[in-house]
Amino acid sequence: MSTGTDPGTAAPAGAPAPSATTVSAGEGDRPGGSAAAGAGGRSVLRAVGPAAAFVVLAALGWQVMAVLVDSVLVPGVGDIAGELVGIVVDGDLVTQLGITVLRVALGFALAFVVAVAVGIAMGRNAVARRFCEPAVLLGLTIPGLVWALLCVIWFGVGLANPVIAVALASAPALVLTIYQGVRSVDPDLLEMAHVYRFSRRTRLRRLWLPALAPSLFAGARLGLSLGWKVIVLVEVFGMSSGVGYQLNNAFAGQNVAAVLAWTLLFAVVMAVLEYGVLQGLERRAGRWRRAVTV
């Protein structure tokens with residue numbers, strides 16, 4: 001006689017039958033969800049942690065220096081934070097920073113459009129390169145202070161003054177970066193586009209823009225940094241509004257904490273542009289590139 005249980009035999013009365021719900025619940029208790037959440041947290045920590053650590057160490061180092069020097073010329077972190085709160089509460093932050101950002105954006109947009117056209121022309125045509133090269137080299141050697149002074153003299157206190165000053169300061173570096181990017185495009189891709197008779201629009205969209213994306217973003221970072229420096233000079237010398245004007249007022253009143261507070265706000269705007277705008281666009285534009293894993 002066999003003592004085993006026949007698979008086809010029903011379970012004895014009163015014995016709990018296995019349920020799909022119980023099995024599913026057991027499978028759902030696996031730590032896969034928590035592991036994914038932990039991996040996401042570690043990814044965010046790796047992305048934000050180093051920058052946050054730098055900010056904390058810089059603040060601590062500045063505070064130590066302020067305590068050791070013990071001078072009104074080196075205000076402590078608390079004094080600078082107080083000025084920051086005052087700027088935000090008074091409403092000057094949105095108004096003055098908005099005016100400066102608008103001027104930089106218009107000047108950079110003008111420089112970017114011109115630089116893309118000139119840089120591609122220089123990279124594709126030897127005559128255009130020889131014609132534009134002296135202007136690019138001259139623009140790279142002229143300090144931003146000179147552009148600021150000349151634009152104040154030429155254009156007065158109107159909107160054209162800061163816009164043209166930012167464009168003149170940013171364009172040469174943008175042109176050079178884009179020109180070098182054009183020269184580095186794979187010749188086989190250009191030959192393929194010629195063989196298949198791609199239209200100019202298709203070449204621009206499918207070949208030039210993807211290939212030039214790293215150069216465009218590198219040039220954008222460099223151009224924006226130059227534009228920020230020049231706009232402050234323009235607003236100090238010839239404007240009655242903007243962050244540069246506020247810096248000049250703080251300097252005239254010997255308010256070092258206010259000078260540092262407006263400078264920090266400038267740095268925050270640049271960080272937002274870098275981490276919130278440029279890096280996101282760069283990742284989106286470079287999705288087709290193979291990631292390096294070694």
Side-chain angles (χ1 to χ4, degrees), residues 44-108 143-145 147-149 152 157 161-162 165-166 169-170 220-280:
V44 172
L45 184 61
R46 285 195 299 267
V48 180
F54 170 79
V55 172
V56 171
L57 289 176
L60 289 176
W62 181 271
Q63 182 62 31
V64 170
M65 183 176 66
V67 172
L68 293 177
V69 174
D70 192 19
S71 170
V72 294
L73 300 180
V74 186
V77 174
D79 297 330
I80 299 173
E83 288 291 339
L84 283 171
V85 172
I87 292 171
V88 174
V89 171
D90 293 342
D92 289 339
L93 173 63
V94 176
T95 302
Q96 302 300 328
L97 202 57
I99 292 172
T100 298
V101 169
L102 176 62
R103 291 165 177 167
V104 172
L106 293 175
F108 177 76
L145 175 61
W147 290 128
L149 292 174
V152 169
V157 295
N161 171 13
V166 170
S170 304
R221 290 184 175 93
L222 182 58
L224 283 173
S225 65
L226 293 173
W228 278 116
K229 296 172 184 177
V230 171
I231 194 63
V232 171
L233 295 172
V234 172
E235 291 176 344
V236 165
F237 290 124
M239 308 301 293
S240 59
S241 60
V243 175
Y245 177 73
Q246 297 299 324
L247 284 169
N248 193 30
N249 287 341
F251 170 77
Q254 296 295 304
N255 189 348
V256 182
V259 172
L260 293 172
W262 281 107
T263 303
L264 287 176
L265 290 174
F266 239 54
V268 168
V269 172
M270 283 300 298
V272 170
L273 288 175
E274 171 64 24
Y275 294 108
V277 179
L278 289 178
Q279 288 192 8

**Prompt:** Closest heavy-atom contact between A66 and V74?
**Reply:** CB-O, 3.5 Å
**Asked** Looking at CG of D90 and OG1 of T95, how far apart are the two atoms once the value is rounded to the nearest 0.5 Å?
**Response** 10.5 Å
**Message:** For a quick test of reading the model, state the closest non-hydrogen atom pair linking T263 to V259 and the distance between them.
**Reply:** OG1-O, 2.7 Å
**Prompt:** Do W147 and L233 pass the side chain to side chain contact (heavy atoms under 4.5 Å, CB included) test, and can you show the C-alpha distance, the side-chain angles, and the key distance before you say yes or no?
**Reply:** CA-CA 9 Å; W147 290 128; L233 295 172; over 6 Å; no
**Message:** Could you report the tightest heavy-atom contact between A250 and A258, atom names first, then the distance?
**Reply:** CB-CB, 3.7 Å
**Asked** Between M239 and N161, which heavy-atom pair has the shortest distance, and what is it?
**Response** SD-ND2, 3.6 Å
**Prompt:** Does W62 use its side chain to pair, donor to acceptor, with the backbone of P75 at less than 3.5 Å?
**Reply:** yes
**Request:** Decide yes or no for F266 and T100: does some side-chain heavy atom of the first lie under 4.5 Å from some side-chain heavy atom of the second?
**Result:** yes
**Asked** Within the side chain of S225, is there an N or O that forms a donor-acceptor pair under 3.5 Å with the backbone of L222?
**Response** yes
**Complete:** Rounded to the nearest 0.5 angstrom, the CG-CZ distance for L226 and R221 is 14.0 Å
**Request:** State, yes or no, whether a side-chain contact exists between V269 and L265 at a heavy-atom distance under 4.5 Å.
**Result:** no
**Message:** To check you understand the geometry: which heavy-atom pair defines the closest contact between F237 and L145, and what is its length?
**Reply:** CE1-CD1, 3.3 Å
**Message:** If we check side-chain hydrogen bond (donor to acceptor under 3.5 Å, both in side chains) with S241, which of these qualifies: R103, Q96, Q246, E235?
**Reply:** R103
**Qualifying residue for side chain to side chain contact (heavy atoms under 4.5 Å, CB included) with E83, from V88, L260, N255, V256** = N255
**Message:** Using every non-hydrogen atom in the two residues, find where V230 and A169 come nearest and quote the distance to one decimal.
**Reply:** CG2-CB, 3.3 Å
**Prompt:** If you round to the nearest 0.5 Å, how far is CD1 of I99 from CG of L102?
**Reply:** 8.5 Å
**Request:** Determine whether L273 and W228 make a side-chain contact, defined as any pair of heavy atoms from C-beta on separated by less than 4.5 Å.
**Result:** yes
**Asked** Is the number of heavy atoms from other residues, nucleotides or ligands within 6.0 Å of OH (Y245) greater than 12?
**Response** no
**Message:** Rounded at 0.5 Å granularity, tell me how far CG in L84 sits from CH2 in W262.
**Reply:** 9.5 Å
